[in-house]
Amino acid sequence: VQLQASGGGLVLPGGSLRLSCAASGFTLDDYAIGWFRQAPGQEREGVACISVDGRTYYADSVKGRFAISRDNAKNTVYLQMNTLGPEDAAVYFCAALWGNSWGNILQRDEHGMDYWGEGTQVTVSS
């Protein structure tokens, strides 16, 4: 059972990246998925999440710039990040929580999710 986040990298301010969160060993259909990030010296924060039935929630800091989506056929959840700024630089993690009753899971901590993936680094710099 594994979640694998990928797609991070170095991007210029104002640029875009698309992160992927792929599951192996289980199917994401029955899981709410969240993207979280942690910058050096800061606490982990929830960025975006998507429920089993496709409801989406975003942190205020990324509303209008980030979009989360899921492709159950590919067992993958995506995070499209646009208009990136230095404040978005962090290690991004995806996490899964089983159940179709979950909506906004952005406030859940590391013990409140069923699976966590390894992070992918996003660097925003000129």
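Just so it is clear, the structure is predicted and the values come from calculations on it, not from any experiment.
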### Task
Report the C-alpha separation of Val52 and Asp29 in whole Å, then their side-chain angles, then the decisive distance to 0.1 Å, and conclude whether the side chain to side chain contact (heavy atoms under 4.5 Å, CB included) test is met.
CA-CA 6 Å; Val52 169; Asp29 301 36; over 6 Å; no

### Query
Is the charged tip of Arg108 near the ring of Trp102: under 6.0 Å from the six-membered ring centre and within 45° of its axis?
yes

### Query
How long is the span from the SG atom in Cys49 to the CG atom in Asn104, to the nearest 0.5 Å?
4.5 Å

### Message
Just checking Glu43: does its CD atom have more than 12 heavy atoms from other residues, nucleotides or ligands closer to it than 6.0 angstrom?
### Response
no

### Query
Are Phe36 and Trp116 an aromatic pair by the rule of ring centers under 6.0 Å?
yes

### Message
Measuring only between side-chain heavy atoms, which start at C-beta, is Leu19 closer than 4.5 Å to Thr120?
### Response
yes

### Query
Shared ILVMFWY cluster between Leu10 and Tyr92, side chains joined below 4.5 angstrom?
no

### Query
Is the shortest heavy-atom distance from the side chain of Phe26 to the side chain of Leu3 under 4.5 Å?
yes

### Summary
By disulfide bond (SG atoms under 2.5 Å apart), Cys21 pairs with (sequence neighbours left out) Cys94

### Query
If you draw the axis of the six-membered ring of Phe93, does the NZ or CZ of Arg37 fall within 45° of it and under 6.0 Å from the ring centre?
no

### Query
Looking only at heavy atoms, which two atoms of Ile105 and Ala32 are closest? And how far apart?
CD1-CB, 4.0 Å

### Message
Quick check on Glu118: does its CD atom have over 12 non-hydrogen neighbours (other residues, nucleotides or ligands) under 6.0 Å away?
### Response
no

